Number of protein chains: 2
Amino acid sequence: MTLDGLPPHQGGAEELACLLARALLAGHWQPGDAFPRELDLSTHFGVSRNQVRNALASLTSTGLLERTAGRGTRVRSIDDWHLLDPLMSEWLAGLADPAPHLVREILAFRYSAEPVVARLAAEAAEAADVERLEAAYQGMARTADAAHEQHAEYDVAFHDAIYQASHNLVWRQMGHLLRPSIIALIQRSQEPLHRLDAGLHDSLARHARVLDAIRRRAPDAAERAARDVLQRTAVDLGIVTDTAITPQHAVNP
Amino acid sequence: MTLDGLPPHQGGAEELACLLARALLAGHWQPGDAFPRELDLSTHFGVSRNQVRNALASLTSTGLLERTAGRGTRVRSIDDWHLLDPLMSEWLAGLADPAPHLVREILAFRYSAEPVVARLAAEAAEAADVERLEAAYQGMARTADAAHEQHAEYDVAFHDAIYQASHNLVWRQMGHLLRPSIIALIQRSQEPLHRLDAGLHDSLARHARVLDAIRRRAPDAAERAARDVLQRTAVDLGIVTDTAITPQHAVNP
DNA sequence: CTTGTCAAAATGTCTGACATTTAATAGGCT
DNA sequence: AGCCTATTAAATGTCAGACATTTTGACAAG
């Protein structure tokens, strides 16, 4: 793969890193491929070798690249990517068209993890946590008819508040995964023939049940409610095949 | 805090980063404190400014430090650490005396997460996964009477195999947390008056039940068994207060 | 066919100078 | 006194060039 397709560039090393990272995440190179040499990048983007080295250092620290003296720079496999690195989340979130496979993996993770996190949140939440949840929920309700991007930010804030409320250092770090996955979902929902909006009001109601359960410090209810929030998405993506597994206390037609 | 207490140093920038990281993780500096300047580090350790900058770049990318031009380098709060960064795990694993608070957080995470991961593993495991689990388990059994360090490696391998078997990109990354937490546990168990060895044979039997459940593709059993593996530790650390919550395979009223 | 040596190419490192940002400080004005 | 401004100092950030090191492949000798 050459550099010809990449957009031009002006700015610091961070921006360059972001640019290259998104090209990698978009699959412009295959795992094992050789990555352009420092000097080529330097001349192509018109920046100093220093900036290139700094950018490549970022990509290396997130597991996207592997560099060895004499050998050159190689592209690493998706299995080696540090998906939980905040830098990676940032790059992923702004990606126009993330690999569907990757989005599916992240959402499968969330579908299995968030019920547990919600349970912990219901056990550990303090007043400030509930307030944050409440504020995010109000924002979601208020922007139900607004632009999807705006609604998505409150959606991210809501789920992040759940992770925060778990009061666990490790779980809290994983809130970074929310933005990329939620943004990817709304992008997909804007494709034609997709009826995710149809369930928007329903989605809001499910979020309300999570909020309510955490406020009532009801772990079991919180766990169930969190699963229900993600269930529709999980079914859509084939993460879970049978909707009857979690039979909603009411009914799922 | 000065540099006087730190051991000498010879080697590359990675080693220097590790040295400084462990000093930070050990709490030699408080959050918000100023970190020594590049030139001071350079002269103190007898390395070039370049090496120092590379080392500090690592510490910055893991959220341990925060650097701004003109202001200097500051130590960040534990809330900002990237605990899921593989580099961080490596530094943590070799730490002589990790902060008890941190170990507790990681184990609380594992106690809540591993049952879910084991469930996924039971649903998704393939032959190779079961083989890896089996091999690690045999290693654990074989080294039951050997040095703790050796046994711990198989213990890490066993739990990592569970994460791997989940076949989820995100969960698999979290296997990195295993080594530091397990090493911290065996260190603590070697303290006098600690009777963790007493339960070693029992621990082996619990691991066997996890292996068995995953081999049988029994998600419910795997989830319960994984919880039981960590339960004793969780009770010891006060993560869960009541041992009756999960009353062993017997019955759940 | 194997082995050793050499050359080319890539990343890694060093050094010194300079740029930029930030914070403190001194000075002058009202 | 109090406030605003210009200057200075101190730290990190950047650059350019030379050099070091590592890896790989080619080539020739045994």
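Note on naming: letters A, B, ... go to the chains in the order of the sequence lines (proteins, then strands), and numbering restarts at 1 for each one. A quick note: this is a predicted structure, and the numbers were derived from the prediction, not measured.
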Participant: When you match Ala69(A) and Ser48(A) each to their closest nucleotide on DNA chain D, which lands nearer the 5' end?
Facilitator: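 Closer to the 5' end of DNA chain D: Ser48(A).
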Participant: How many whole angstroms separate atom CD of Gln51(A) from atom C1' of dA19(C)?
Facilitator: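 Spelled out: CD on Gln51(A) to C1' on dA19(C) is 13 Å.
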Participant: Using OP1 and OP2 only, check whether a side-chain N or O of Arg67(A) sits under 4.0 Å from dA10(C).
Facilitator: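 For dA10(C), OP1/OP2 do not have a side-chain N/O of Arg67(A) under 4.0 Å.
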Participant: Expressed as a whole number of angstroms, how long is the span from Arg37(B):CZ to dA23(C):P?
Facilitator: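 Atom-to-atom, Arg37(B) to dA23(C), this comes out as 17 Å.
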Participant: Examine dG13(D): is either OP1 or OP2 under 4.0 Å from a nitrogen or oxygen in the side chain of Arg53(B)? Give yes or no.
Facilitator: yes
Participant: Answer yes when Arg67(B) and Glu38(B) have at least one side-chain N-carboxylate O distance shorter than 4.0 Å, and no when they do not.
Facilitator: yes
Participant: Expressed as a whole number of angstroms, how long is the span from Leu41(A):CG to dT11(C):P?
Facilitator: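 Distance, rounded to whole Å: 8 Å.
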Participant: To the nearest Å, how far apart are Glu38(A) CD and dG17(D) P?
Facilitator: 16 Å
Participant: I need the CZ-P distance between Arg49(B) and dT14(D), as an integer number of Å.
Facilitator: 11 Å
Participant: Pick from Glu153(B), Glu90(B), Glu149(B): which one makes a salt bridge (Lys or Arg N to Asp or Glu O under 4.0 Å) with Arg179(B)?
Facilitator: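 One option only clears the test, and that one is Glu153(B).
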Participant: For the rings on Tyr137(A) and His207(A), is their centre-to-centre separation under 6.0 Å?
Facilitator: no
Participant: Provide, to the nearest angstrom, the distance between the CG atom belonging to Asn50(A) and the P atom belonging to dA19(C).
Facilitator: 16 Å
Participant: So which nucleotide from dT12(D), dC14(C), dG12(C) ends up closest to the side chain of Thr73(B)?
Facilitator: dT12(D)
Participant: In whole Å, what is the span from the CZ atom of Arg71(A) to the P atom of dT24(D)?
Facilitator: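 One finds 5 Å between P of dT24(D) and CZ of Arg71(A), rounded.
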Participant: Among the nucleotides dT14(D), dT13(C), dC15(D), which one has an atom lying closest to any side-chain atom of Asn54(A)?
Facilitator: dT14(D)
Participant: Quickly work out the Glu14(A) CD to dT14(D) P distance and round it to whole Å.
Facilitator: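 After rounding, the gap between these two atoms is 9 Å.
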Participant: Classify the side-chain pair Asp129(B)/His167(B) by whether it contains a donor and acceptor separated by less than 3.5 Å.
Facilitator: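 Short answer, yes.
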